[in-house]
There are 2 protein chains.
Amino acid sequence: MEYIIGTQAVSTRDIVYRSLKNQILLLELPPGTSISEKEISLKFNVSRTPVRESFVRLAQEGLLDVYPQRGTVVSLIDSGLVEEARFMREHLERAVMREACSSFQAKHLIDLKANLDKQRLCIEDQDYKEMFMLDEEFHHLIFTGCSKKNTWEVVQQIKVHLNRSRMLKLTADHNWEHLYQQHYCLYEAIQTHDVSQGDHMMQEHMALTIADQEMLMEKYPQYYK
Amino acid sequence: MEYIIGTQAVSTRDIVYRSLKNQILLLELPPGTSISEKEISLKFNVSRTPVRESFVRLAQEGLLDVYPQRGTVVSLIDSGLVEEARFMREHLERAVMREACSSFQAKHLIDLKANLDKQRLCIEDQDYKEMFMLDEEFHHLIFTGCSKKNTWEVVQQIKVHLNRSRMLKLTADHNWEHLYQQHYCLYEAIQTHDVSQGDHMMQEHMALTIADQEMLMEKYPQYYK
DNA sequence: ACTACCATACTACCATACAAGTATGGTAGT
DNA sequence: ACTACCATACTTGTATGGTAGTATGGTAGT
């Protein structure tokens, strides 16, 4: 029996993988937590095989550290890696933004405007959960609008290392109005093909996501290495 | 019994993984080749388990396509992905280069110069295999010299998608002298803290690695999708 | 000759058993 | 009281058998 979502079959392995990844990124499995294949297999009521294969994937992404014959732990947050992830993301987003200001497909510009309008509504309705989704989608649209789908995927992968820090920060202090203003400026830069303005705005925009690592490391030393 | 290289234990899985990855990148397993867990396990005289776990890793890196209950094939080269990989690599290398021109640790500058001197020797000796290694090491030193070790790892991962195309090109047409000149200019830019010159030189340097995708796709259509 | 069907031989997926290394707590000897 | 040792209960690594879905080639029926 196969459950199909889109064109992707959902295997037991994928279910375990996605669930574990979610729990790690949401800090429900905090950095440093010891987990074993057997423990997880019992929790999901499956055998060790799909669990092991999930471990292999998560270890490759740097979210698990597997010590043969000793155990497996949720990886501690590597502050150096977080800083470099921020660095990589900034420069890739800016490079894509400059590309977008040079050439952007018209139909995607419409989608971008539609997304902005929805953001406007979300702020009025104070629906910040939806606003979070729209923020993600806004950036995604910029990537797809200038044919950088794979680059988006890489950025997503890189962002994994930022997410746990951002989660620690409990980002309730977002200034959504400011966020919207920046998004609007980015949109205008693309529309008017103003490369230097677009680059400048994206640089400012990226600066928003800087989490104060040192403060976090002091507050949660057990989560960092 | 454990064989230790450095601090890394070598498991059967790692042996299989590295061997398969090598064969794929060297095109000994050409794009489109069907392989099965059983076939590989027989070839390496191991069980299917470590082979499967290698497949999981290689699939995650985009080198294998696994179709449940149908089979596994070495992935076809995705020309769009190759182009974006080139895009990402260029912008990350340039960003790191600008950083290097701003601040570079003195001891690493010495290593960089030593590497250059070795390149000089290799060209005189026409030792192009060693020269290839030194080229890689030169770029690696730039990354480590401004504390961008993790960024180097990401670039290496991205470059996987460029390597098969470069292998097809059978890069015997390298102009090593020109390569050396460019490396020397990069070194000078770092030494003199000339950011704009460094950025410009790296942009030129990256342009060298552009493989003519369209020509390759015409010549080897069966390897592309 | 052509088509529909089915047996068979694949495939990857999952469960389970065993192997080998490691941490731990108790016990015997000093 | 303290130390060295060892049984035991963990851990991940590997091998293997069974399951379910899929491709394929032969065969019976038209």
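By convention in this document, chain letters (A, B, ...) are assigned in the order of the sequence lines, proteins followed by strands, and residues within each chain are numbered from 1.
By the side chain to side chain donor-acceptor pair (under 3.5 Å) test, B/Arg13 is found to be paired with B/Glu53, residues two or more places apart in sequence or in another chain being considered. Taking the salt bridge (charged side-chain N to carboxylate O under 4.0 Å, His left out) definition, one finds that B/Glu130 meets it with nothing, sequence neighbours left out. Scored by the side chain to side chain donor-acceptor pair (under 3.5 Å) test, B/Asn22 finds no partners at all (sequence neighbours excluded). When the side chain to side chain donor-acceptor pair (under 3.5 Å) test is applied to A/His108, the partners found at least two apart in sequence or on another chain are A/Gln105.
Nearest-nucleotide positions on DNA chain C for B/Thr49 and B/Arg70 put B/Arg70 closer to the 5' end. Mapping B/Glu53 and B/Arg48 onto DNA chain D by nearest heavy atom places B/Glu53 at the nucleotide closer to the 5' end.
Residue-environment remark: NZ (A/Lys21) exceeds the threshold of 12 foreign heavy atoms within 6.0 Å.
Under the 6.0 Å distance and 45° angle rule, A/Lys149 does not count as a cation-pi partner of A/Phe143.
Checked by distance alone, A/Gln69 brings no side-chain donor or acceptor within 3.5 Å of a matching partner on the base of D/dT11.
Contacts between residues 28-43 of chain A and DNA chain C, defined by a heavy-atom separation under 4.0 Å, are absent.
Rounded to an integer number of Å, the gap from A/Arg13 CZ to C/dA12 P is 11 Å.
Of the candidates C/dA15, D/dT14, D/dG17, the closest approach to any side-chain atom of A/Val46 belongs to C/dA15. Considering only side-chain atoms of A/Ser47, the nucleotide from C/dC14, D/dT14, C/dA12 that sits closest is C/dC14.
Remark: side-chain polar atoms of A/Asn115 are paired, donor with acceptor, to backbone N or O of A/Leu134 under 3.5 angstrom.
In this structure, A/Tyr187 and A/Lys113 have side chains that are in contact, with non-hydrogen atoms separated by less than 4.5 Å.
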Output field dot_bracket for DNA chain C (Watson-Crick or G-U, both distances under 3.5 Å, | for other-strand pairs) contains ||||||||||||||||||||||||||||||

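Taking only side-chain nitrogens and oxygens, B/Arg52 comes nearer than 4.0 Å to OP1 or OP2 of C/dC13.
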